[in-house]
Every structure is written in structure tokens, then in C-alpha cells.
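Here the structure comes first, spelled out in C-alpha cells, and everything after it is commentary.
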Amino acid sequence: MVQRQVPFFNYRALFEAQEQELTAAVVDVMRRGAYILQQDLADFEKRLREFLGVKYAFGVADGTNALIIALQAAGIGRGDEVIVPSHTYVASAASIHLAGATPVLVECRDDHMIDPAGVRAAITARTRAIMPVQLNGRTAAMDEIMAIAGEHELKVIEDAAQALGSRFRGRFAGTFGAAGTYSFYPAKLLGCFGDGGGVVTNDDAMGERLALLRDHGRDSQGEVVSWGTNSRLDNLQAAILNVKFRSFAADLERRRRLAAMYDEGLRDLAELLLPPAPDADPDHHDVYQNYEIEAERRDDLKQHLEKHGVRTIIQFGGKAVHQYPGLGLGGYRLPRTELLYRRALLLPMNTSLSDADVEYVVGCIRGFYGRS
Ligand SMILES: *Cc1c(COP(=O)(O)O)cnc(C)c1O
């Protein structure tokens, strides 16, 4: 095999692929001096509403802020417990802490999504909400999560930062519960050129509270009617996202195709646990924000790939949320999640990859395990 360089993500290639359209959009915003709560943001919010089929969508500062104001809008705060998987970005748990509540961490299953049995076992008299994390472009078993929430009268706030466009039984990640949130961080499925996030809901009261919370508690007349914060997606970023939205459906299809190629190339290797394939289960429509495998001799495999020019990442810095001593969450034992963090590896997964890149990565992995 001829040596290749396969970066984990390629910001430059992503920009160059649409350089003219993106530059034109940015210059246009600047010529108009249209920066905060302007037309491009309104257009983006409309696109997001239409794409997801929801009643309310707000572009906000970032995915973390989206979670904080979603929890606040749902009335979650001091004394409340919110159940969240430990296999997630620290931001999911941090948003609960910053809203004044207590994150209660639970296990994931083999597909790396929140374990409904773990949720059930973690419910106490103080539990007020469940925060499923729609990780890696997959949606959790939302039938089970919604059933548990219904039985115990819990709110569901979905962290769909990694799952815009993912579906479970035809329904989009982020649209099941009281509110759902997305991140437009540059490397996310729909990425802007800085920080950005979104929050959506179908509930009128939630929609009203979110509108106030993201803009200093000001109503449509500009009158302050409640406490709020500053959490507004920049109009410039919204204009960039409007350009990116044009190819979004095709981008997601490309990710599914790349995942199918990885699956075809690697599924016979007993040393690996692969994500479910795109056509594995009609209930799930996964969009592969990430391709997160579990691998025997993971660290050696990572080094082997590095040596052959393939850059991989261990998600979230290689630690589950309960494994950060500085957060004072101590005392958890989550064996499935801990096993995952000894074995997990993200292979390159993005729309800048060519078929030949994926074939090369597959070849390197097969070589490592002594297969042709
Ligand atoms: C990216 C991410 C967030 C936070 O989004 P930001 O826009 O970076 O604040 C939250 N949860 C998960 C699972 C994420 O991947």
C-alpha cells in the first residue's frame, strides 16, 4: 500500500470546497452590518424548524448554552437530579450543574447510547429529568426512554449536539422531549466557523421561555419581562450555516456511505466492535457524526495508524464524565463505560474523506490484526 495522509478532520478542505459561496455570504453580511438577531438568523431558524418539523427553533451561543437554557426553561434547578450518561462530553453534565441541579451518571450499551435499564435504576424522589445524549449521530432507544419518563413524570431534554438529522422510528433526534439541543461547533455535522448552537421545542410555553432566556428576558417589543442571558447565534455564523444547509442532506448521505464502507471492510474482525451499520436496524437512521469503534490493543492500533499517516482520536480526551476527579462526582462504578474508554477509538469520519482514504484506513487496520 502506498502511504497516505488521512487527517482526522480537514477544516481547510471543507472551506475550500465552498470557498466562493462562503466568502460571498460573509462579505454580504458585513456590507449590511447585520450582526445580531438579523435576517440570516431568522432564515436559519426557519430552515431548522422546517428540516426538523418543529414549532420553535432558536440559534443560540453554542451547544452548551443551548442545554443550560433548555434546562432552565424546563424549570430544572436547585435540588433536582437529572440522569445523563457518563459517556458524553463534559458539557452535558456541566449544563446540569450550571443550571443548579445534580447530574446523575449512568451506563451506556454496546451501541454507546444511554442504557434505559441504568436510567430506571438511577431514579430517586429528586429525579426531574432525563438527558439522553444522541451520540455519534445515533439516536438512543427513545421508545424506552420516553416510556420511563412518562411513568415517572420526568422531563426529557435531549443533547443532540452530535445528531442533527439522526432519526429513531422516523422521528428526529432532539424532537422527542421537552426540548432538544444541537451544536454547530466547526467539526459537528452542521458546522459554522466558530461557536454556535441551537435549541428546539414543540411546546408553546417552552418556546416562549427560550425566546426570553436567550435575549436578556426581552419580549418582541424589547421590554424586559423576565431574567435572561445573552445566548444568540451570530448572524454571521447563521449566514454561513445557511450556505452549509444547502448540501446538508447530501453530506449526511455521504457519511452513511463512508460508514457502510468501514463496516464492509472491517466487520469480519473479531478484535473490533463496530457501530451499528447504516442498514442494520430499520428503527435507526444514523448519520455518523463519528465512527466510534472498540478495539483490542487499542493504544497499539492507534500508534500503528499514526505511523501510517492515519490520525485517530479517543473521544472526550479518553475519560468518561465520572472519571474526572476535579468534578467531585466520585464514587461511581460504571463497568461498561469504563471498558469502552479502554477500547474506544474514533476513525476519521467527515465529508472531506475520499473512498480511497477509507479503503486505506481499512487496509491499515486489517494489516495491524494480521489480515489481508
Ligand atoms: C459538542 C457537544 C456539546 C457542546 O457543544 P458546544 O457547541 O461545543 O458547546 C454538548 N454535548 C455533546 C455530546 C457534544 O458533542
Side-chain angles (χ1 to χ4, degrees), residues 8-9 11 44 48 57-72 82-99 103 105-106 108 111-114 129-140 142 145 156-166 173-174 176-177 179-200 213-214 229-234 237-238 240-241 244 255 275 286-292 313-324 327 337 340-341 344 346 349-350:
F8 184 75
F9 202 84
Y11 286 119
F44 173 68
L48 196 56
F58 302 96
V60 297
D62 53 62
T64 308
N65 247 269
L67 286 168
I68 295 170
I69 66 173
L71 290 162
Q72 289 171 334
V82 179
I83 297 170
V84 62
S86 191
H87 178 35
T88 185
Y89 189 38
V90 67
S92 319
S95 69
I96 297 165
H97 175 80
L98 292 171
L105 304 171
V106 299
C108 61
D111 68 352
H112 297 180
M113 309 304 294
I114 190 169
I130 307 169
M131 183 186 284
V133 180
Q134 316 297 24
L135 213 58
N136 298 329
R138 185 172 170 86
T139 310
M142 291 307 290
I145 298 295
V156 171
I157 307 288
E158 283 174 76
D159 180 350
Q162 298 196 357
L164 180 64
S166 172
F176 287 85
T181 67
Y182 307 94
S183 169
F184 309 124
Y185 181 87
K188 294 282 161 81
L189 291 162
L190 185 69
C192 61
F193 292 158
D195 277 315
V199 54
V200 304
L213 277 166
R214 68 104 171 239
T229 187
N230 181 355
S231 187
R232 305 171 302 212
L233 179 67
D234 283 355
Q237 300 296 349
I240 288 163
L241 290 170
K244 295 267 182 119
R255 287 175 179 273
D286 297 353
V287 292
Y288 301 92
Q289 162 71 64
N290 298 307
Y291 197 79
E292 186 173 55
I313 279 181
I314 301 169
Q315 195 160 211
F316 310 131
K319 279 185 181 162
V321 174
H322 74 284
Q323 294 175 319
Y324 291 108
L327 301 182
T337 302
L340 183 157
Y341 275 85
L346 297 185
M349 168 55 78
N350 59 74

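All residue numbers refer to positions in the sequence shown, counting from 1. Order of listing sets the numbers, starting from 1, for every ligand and every atom in it.
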Near Val133, which atoms of ligand 1 are under 4.0 Å from a heavy atom of that residue?
-> 13 (C)

Using distance alone, decide if ligand 1 has a nitrogen or oxygen within less than 3.5 Å of any nitrogen or oxygen in Gly63.
-> yes

Derivation of the side-chain hydrogen bond (donor to acceptor under 3.5 Å, both in side chains) call for Gln315 and His112 | CA-CA 12 Å; Gln315 195 160 211; His112 297 180; over 6 Å; no

Do Met349 and Gln289 have side-chain heavy atoms sitting under 4.5 Å apart?
-> no

Are any of the side-chain heavy atoms of Leu71 and Ser95 separated by less than 4.5 Å?
-> yes

Is the shortest N/O to N/O distance between Tyr185 and ligand 1 below 3.5 Å?
-> no

Going by the atom numbers of ligand 1, which of them fall below 4.0 Å from some non-hydrogen atom of Gln162?
-> 15 (O)

Do side-chain atoms of Gln162 reach the backbone of Leu135 as a donor and acceptor pair under 3.5 angstrom?
-> no

Please state whether Gly197 comes within less than 4.0 angstrom of ligand 1, counting heavy atoms only.
-> no

Centroid-to-centroid, Phe184 to Phe44, below 6.0 Å?
-> yes

Where ligand 1 meets Ala161 - atom numbers and elements under 4.0 angstrom, heavy-atom basis = 2 (C), 3 (C), 10 (C), 11 (N), 12 (C), 14 (C)

Sub-4.0 Å atoms of ligand 1 with respect to non-hydrogen atoms of Gly196 = 7 (O)

Would you say Lys188 touches ligand 1, if touching means a heavy atom closer than 4.0 Å?
-> yes

Indicate the atoms forming the closest heavy-atom contact of Val200 with Gly174, along with that distance.
-> CG2-O, 3.4 Å

Using a strict 4.0 Å cut-off to heavy atoms of Ser92, name the atoms of ligand 1 that fall inside it.
-> 11 (N)

Looking at side-chain heavy atoms only, is the closest gap between His322 and Thr337 below 4.5 Å?
-> yes

Thr88 neighbourhood, listing ligand 1 atoms whose heavy-atom distance to it stays under 4.0 Å = 13 (C)

Ser86 (side chain) donor-acceptor with Val321 (main chain) under 3.5 angstrom = yes

Just heavy atoms, cut-off under 4.0 Å: does Asp159 contact ligand 1 by side chain, backbone, both, or neither?
-> side chain

If you scan protein heavy atoms around atom 8 (O) of ligand 1, the nearest is Ser183 OG, 4.0 Å

Whether over 12 other heavy atoms sit under 6.0 Å from Tyr89 OH | no

For ligand 1, find out whether one of its N or O atoms is nearer than 3.5 Å to an N or O atom of Thr64.
-> yes

